[in-house]
Structure formats: structure tokens, C-alpha cells
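Shown next, in C-alpha cells, is the structure this report addresses.
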Amino acid sequence: MLWMAWRQHRLAVFSVAVAFSGAAAFFFLLGNRMRAALPADVLPNCFSVASGPECDGWARVVNETLNLSVLLPVLAIAAGVFLGAPLLAREMEQRTHRYAWTQGVSRLRWLNTKLVMLGATVLLLSTAVSAAHMWWYAPAAKTEGLFDAFGMTAPVFPAVCLFAFLLGVFMGALFKRVLTAITLTTAGFLACLVPVQTIFRTRYLPAVDGQYAEARGGWVMDFLYTDGSGTYTLFSALQKAGLSGSGTSFGSKEIGQLKALGFREFVSYQPADRFWTFQLIEAGIFTGLAAVCVALTFYLVRTRLA
Amino acid sequence: MTEVAIATRELGRRYGRKWGLRGCSLSIPAGRVVGLVGPNGAGKSTLMNMMVGLLRPTEGELELLGERVGPNTVLDRVAYIDQEHSLYRTFKVREMLKAGRKLNTRWSQRIAEDRLRARGIPLDRKVGELSGGQRAQVALAVALATTPDLLILDEPVASLDPLARKEMMAALMSAKAETGCTIVLSSHVVSELERLCDHLVVLDHGRLRLSGDINELLNEHRLLVGPAATAAAVAAGQDVVHHDEGSLLVRGVRPIHDPQWRVEPVDLETLVMQYLSMAYRPVRETVS
């Protein structure tokens with residue numbers, strides 16, 4: 001059965017492995033080159049927005065890499081689309097399940113073996129990418145905190161990839177067409193990932209108010225202003241103070257004026273020490289979603305599909 | 001005591017509001033070659049899919065070789081080939097054999113290789129590059145290599161050209177002679193099955209019309225031919241299966257006193273056609 005899983009999916013496994021290994025190699029080599037090029041005391045500064053000339057262009061590389069990291073869920077989608085979606089849909093489409101499920105292996109064992117083998121592959125590859133990303137970002141852990149690399153850190157990233165793979169399998173079981181499964185896997189994955197990243201992630205625990213300096217290494221979500229009677233965002237504080245000048249951009253000048261008028265600045269943030277709690281919560285969410293996909297897939301294969 | 005290869009009791013499968021098969025009660029002894037006939041949509045594939053666990057019965061019971069068939073039962077002693085001879089097209093023939101070996105506890109590499117060699121099918125060719133006839137032969141070789149006690153084939157020759165059809169039927173006959181396993185095959189063409197089968201099951205519109213040993217069925221049935229004017233009088237004394245223009249198909253003919261009527265033997269094709277064209281009546285089954 002293992003041989004069957006390998007023989008049927010080796011091309012997809014190979015493609016996905018190339019993509020994941022490429023990403024892992026990129027972060028690993030970047031981490032090595034930055035360590036080689038920069039002294040250990042300078043290196044952490046280059047991950048900061050306020051980096052100096054001593055970083056010699058590395059700060060720009062860091063910035064662009066972090067920006068591009070937003071695209072890394074594409075790797076998860078690749079796992080869902082190449083490994084997950086065809087697993088059942090292609091068998092249905094080419095009617096080969098009529099061969100596979102009438103042999104001496106029960107279809108539940110057949111499915112189980114494939115899910116375990118391919119799921120383990122996805123976990124292994126995504127953990128490698130996470131590890132390489134964490135290695136690259138490690139110098140900044142103390143100074144910048146880890147929240148900038150939240151989505152790429154294990155266990156969140158492997159859990160996201162596993163979910164994408166199993167969502168693909170479930171979509172394949174549900175729609176029995178590879179193309180439909182691929183489309184809906186991509187759409188469904190984004191429909192889960194985007195709200196989690198933009199809405200839920202900020203609210204796993206209630207944010208803490210404090211001075212900017214206290215929020216160091218944590219995740220600052222809002223700069224807020226208070227005049228004693230209420231709390232305002234920068235924009236509404238400026239309006240309250242009658243300072244709405246250009247209307248589109250504000251700088252330290254306006255903030256200085258606000259402070260002169262008696263406004264105090266504070267930040268709403270998630271403290272640095274919550275990072276791993278947040279990792280576990282988000283990894284738990286995606287693992288839970290993945291488990292739902294597995295359960296529904298087994299249900300469909302056992303009772304509905306023929 | 002002979003083993004019962006297939007036993008069904010009030011077996012039925014519904015698709016939405018329409019029944020694909022209903023009230024099917026059968027008992028077929030082991031060692032037979034069973035022809036399952038009926039027009040398209042008669043319920044042949046439905047019955048076969050339920051036998052191999054690809055479809056869940058809506059009601060009734062189904063036993064193969066004494067074992068109840070459920071949705072997740074492993075049928076080690078049963079082999080199945082579907083209408084398209086579904087195999088992995090990107091696999092080489094050799095890999096298809098390996099798949100069979102990996103997926104089955106009973107496997108004889110020799111049986112598969114001997115059959116393929118005898119038909120000149122190279123093991124290094126991809127399944128997708130084979131002709132339809134060759135692919136059917138590979139599917140059969142892979143099925144027979146699991147040394148089944150029951151081989152189920154859904155329209156095994158429907159997609160083949162006449163030559164490949166002949167070769168497939170010959171291969172099935174040799175398989176029968178070599179292994180003695182029970183074979184069930186379906187077709188909507190009676191003549192295809194006539195030489196191979198010794199047991200007949202007729203399905204129509206999801207209902208079992210006839211089931212029995214072919215020789216017994218032919219012995220029991222007679223065609224009465226005579227003038228239409230006296231047909232009603234003649235029919236009154238007979239067990240009439242079907243009343244056609246100028247002829248009556250009867251079961252267990254009784255003496256006729258009208259000299260204008262002749263008693264003729266019936267051939268298999270006529271028998272099936274008459275059963276298919278009659279209005280539905282409760283199942284008749286001969287004791288085998």
C-alpha cells in the first residue's frame with residue numbers, strides 16, 4: 001500500500017518538495033550569508049525599521065523578504081492543490097477507485113495509508129521551511145520580537161500546510177472533480193486563512209495597554225491617545241484637538257503638538273511573552289480544521305462514494 | 001454440499017426516488033458461469049456494484065461465498081472488472097502487476113505473467129498505450145492473479161471491437177476451465193453469453209425476471225405456435241409466460257388438443273426476449 005501511495009503521488013510529492021525545499025534553502029542561505037557578512041552585534045539592528053548604514057543594504061533585503069513572506073501561504077496552497085485535491089478526485093474522475101477499492105485492502109485502510117504518508121510529507125517539508133525561516137530570523141528575536149515572523153514559525157506554518165492538504169482531500173471527496181477541487185481548495189483555504197490572520201489572531205487574548213517601550217518585542221496593534229476624558233486614535237485625537245491639517249499624512253510634528261496639548265500617547269499591544277501561546281492557539285485552530293476535514297473525508301468515503 | 005456463490009434476499013438500491021434494483025432474491029451455486037442479461041438500465045451494474053461493495057444496498061441482504069457484504073468488507077476471494085477495465089493508465093503493465101501484489105493477500109505472479117506472455121502483451125508498456133483489447137486482457141490477468149473464487153465482470157466486452165471481443169470471451173472460457181471459479185458477467189447481448197454461461201439471470205427495469213440453469217430453462221419452456229383465433233383457448237390450459245402474436249411461451253407444457261398448434265423448442269435469445277417483453281410478474285426461480 002505504501003508503494004501504491006508513492007507510485008501514484010511521486011510526481012506531486014516531488015513538485016511540492018522542490019517548492020518547499022527551495023523556500024527552506026533560501027532562508028537558510030540568507031541566514032548564513034547575513035551572519036557571515038555582519039558582526040554579531042550589528043546583525044539584530046538590520047531587522048529593525050530603524051537600521052543604520054552599518055547594515056550595508058541588508059536591511060532592505062530583510063524588509064523585502066518579510067514583505068514577500070506574506071506570499072508563503074502559496075506553499076500551503078501547493079500542498080492542497082497538488083497533493084490533496086487529486087488524492088480522491090483523480091481516482092473518481094478516472095474511475096480507478098473502482099479498481100483500487102475492490103482489491104484486498106479496505107478503502108478505509110487505503111485512505112488512511114495515503115493520508116498518513118502524504119500528511120507526514122507535508123508536515124516534514126513545512127517544518128523544514130519553518131525551521132529555516134526561524135534560523136534566519138533568530139538574531140532579531142530579542143530586539144524585534146517574533147511576531148513579525150508569526151505566520152512562518154512552527155507550529156503555525158506546518159499546521160496551516162497540513163490543513164491546506166487535508167482541505168484539498170476533502171474537496172476532492174466532495175466534488176469528485178480535480179479542477180473543481182483545486183479551485184475550491186484554494187478559495188476555501190484563503191477563506192479560512194485571511195480571517196484568522198487579520199481578525200482572530202489579534203484577539204486570542206485581550207490586548208494590553210502600555211507605553212511603547214514596554215511593548216518592545218511584542219505586537220503593537222494601535223497607537224492611542226488620551227486627554228484624560230477619552231481614548232482616541234491619532235486621527236480622531238487630531239480632530240478633537242482641532243489639528244486636522246493636511247488630512248492624509250501625519251508626522252512627529254503633529255504628535256508633538258498633541259503632546260503639548262496634554263494628550264498622552266500609549267499603545268495597545270500583545271506582549272512578547274504571549275508569542276508561543278498565540279502560536280499554540282493558532283496551530284490548534286488549523287489542526288482542528290484539519291481534523292474536521294479528515295473526519296468528513298472518512299465519512300464520505302465510507303458511506304457516500306461509490 | 002455445494003457452496004452458494006451468491007445469495008441475495010429482497011435486495012434493493014434506490015437512486016433518489018427511482019429504484020435501480022428492487023426485491024431481488026437470488027441464489028446461485030458456486031462453480032457456475034452466470035450470465036446477467038437485460039437492457040440498459042435494467043439494474044445489472046447496480047447489482048454488481050453492490051456485490052463488490054462499490055454501492056450500498058438500500059435494503060435487503062447480500063452474501064458472497066457465505067460472507068455478508070458490507071460497505072467496508074474486504075473481499076479477498078472476489079475479483080471484479082468494471083466496464084472500462086479501469087486500471088492506472090500511467091502505470092506500466094509490470095507496475096499494475098506490482099499494484100495487484102501489494103493490494104492483495106492472494107496473488108500469483110505466475111498466473112498474471114503467463115497470461116500476458118501468451119497474449120504477447122509486453123510488461124514494459126504503459127497501460128494507457130495498450131489497445132482496448134489488450135487492456136481488457138491485462139485487467140483479466142490482474143484479476144485472475146488474485147486467484148478469486150468468484151470473478152465478477154461488468155459488460156466485459158461491450159467496449160471492445162469484434163476481434164477483441166472474441167479473444168476476451170476465449171480468455172474467459174480458458175480461465176473457467178483452468179480455475180473452476182464462479183464467474184458472473186453481464187451483457188445486453190444474449191448471444192455473447194450463450195456459449196460461455198450455464199446459468200442465466202434476467203433483469204429488467206430493476207426487477208428480477210428469471211433466474212435458473214440454462215439447460216433447465218430451455219427444457220422447461222416451449223413455444224406454442226398456431227392461429228391467433230384459437231390462442232385464447234389454448235392459453236387457458238397452459239402456464240403462459242408471454243403471449244405474442246401467433247405464439248405463446250409456456251412453462252411446463254401440457255398436452256394440446258388443437259391440431260392446428262405446434263409445440264416448438266425455444267432458443268435462449270427468444271426466451272430472454274419474451275421474458276423482457278412481458279409485463280412484470282412476481283419472480284420465478286427454478287430450483288437449481
Side-chain angles (χ1 to χ4, degrees), chain A residues 1-15 82-83 85-118 172-174 176-178 294-306, chain B residues 13 15 20 45-46 48-57 64 69-92 94-107 127-128 135 138-139 142-143 145-148 150-154:
Chain A
M1 193 51 231
L2 262 181
W3 177 83
M4 274 302 279
W6 164 246
R7 174 62 187 84
Q8 285 188 269
H9 301 284
R10 61 188 182 189
L11 197 66
V13 167
F14 182 73
S15 323
F82 289 118
L83 290 177
L87 196 143
L88 283 161
R90 193 169 54 202
E91 300 271 355
M92 302 285 160
E93 206 167 83
Q94 300 182 353
R95 295 170 64 81
T96 44
H97 68 290
R98 302 176 70 79
Y99 169 81
W101 293 355
T102 51
Q103 304 303 304
V105 171
S106 86
R107 63 172 87 166
L108 295 188
R109 216 190 103 204
W110 176 93
L111 178 63
N112 194 44
T113 309
K114 287 195 166 200
L115 289 186
V116 168
M117 194 198 108
L118 297 175
L174 196 58
K176 307 177 195 175
R177 287 280 169 278
V178 176
V294 171
L296 291 173
T297 304
F298 269 98
Y299 172 75
L300 286 176
V301 165
R302 201 174 64 85
T303 61
R304 289 270 177 270
L305 302 179
Chain B
R13 165 74 197 198
Y15 301 102
S45 293
T46 300
M48 290 185 152
N49 282 335
M50 284 194 285
M51 285 184 196
V52 295
L54 285 173
L55 209 57
R56 276 159 90 88
L64 294 191
V69 178
N72 202 39
T73 39
V74 173
L75 302 164
D76 272 330
R77 299 164 67 202
V78 181
Y80 165 72
I81 301 176
D82 75 341
Q83 280 184 43
E84 294 97 2
H85 314 111
S86 292
L87 298 169
Y88 293 102
R89 301 181 70 88
T90 56
F91 280 37
K92 287 177 177 167
R94 188 190 306 284
E95 290 172 319
M96 217 44 244
L97 298 191
K98 189 168 181 185
R101 191 162 75 239
K102 296 282 181 185
L103 292 173
N104 290 282
T105 42
R106 290 155 52 122
W107 180 263
V127 170
R135 204 162 65 243
V138 174
V142 169
T146 64
T147 59
L150 173 59
L151 175 62
I152 298 173
L153 306 101
D154 194 350

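The chains referred to below are lettered A, B, ... by the order of the sequence lines, with proteins before strands, and numbering in each begins at 1.
Using a 4.5 Å heavy-atom cutoff, the side chains of Ile81(B) and Tyr99(A) are not in contact. Residues Thr96(A) and Leu87(B) have side chains not in contact (no heavy-atom distance under 4.5 Å, counting atoms from C-beta outward). Residues Thr90(B) and Arg7(A) are in side-chain contact: their nearest non-hydrogen atoms beyond the backbone lie under 4.5 Å apart. Between Arg89(B) and Gln94(A) the shortest side-chain heavy-atom distance does not fall below 4.5 Å.
Contact detail for Arg107(A) and Leu54(B): the closest heavy-atom pair is NH2-CA, 3.8 Å. Across all their heavy atoms, Glu95(B) and Trp3(A) have their closest contact at O-CH2, 3.5 Å. Nearest heavy atom pair, residue Tyr88(B) against residue Ala100(A), reads OH-CB, 3.3 Å.
The greatest number of non-hydrogen atom pairs below 4.5 Å with chain A, out of Val52(B), Val142(B), Asn49(B), Ile152(B), is found for Asn49(B). Per-residue counts of heavy-atom pairs under 4.5 Å with chain A were compared for His85(B), Lys98(B), Arg106(B), Lys102(B); the largest is that of Lys98(B).
With sequence neighbours left out, Trp107(B) forms a side-chain hydrogen bond (donor to acceptor under 3.5 Å, both in side chains) with Gln109(B).
In this structure a side-chain-to-backbone donor-acceptor pair under 3.5 Å is present from Asn104(B) to Gly104(A).
Phe91(B) CZ: more than 12 foreign heavy atoms inside a 6.0 Å radius. Counting heavy atoms of neighbouring residues, nucleotides and ligands inside a 6.0 Å radius, atom OH of Tyr15(B) exceeds 12 of them.
When heavy atoms are compared at a cutoff of 4.5 Å, Met1(A) approaches chain B by way of both its backbone and its side chain. Interface remark: Met96(B) contributes backbone and side-chain atoms alike to the contact with chain A (heavy atom separation under 4.5 Å).
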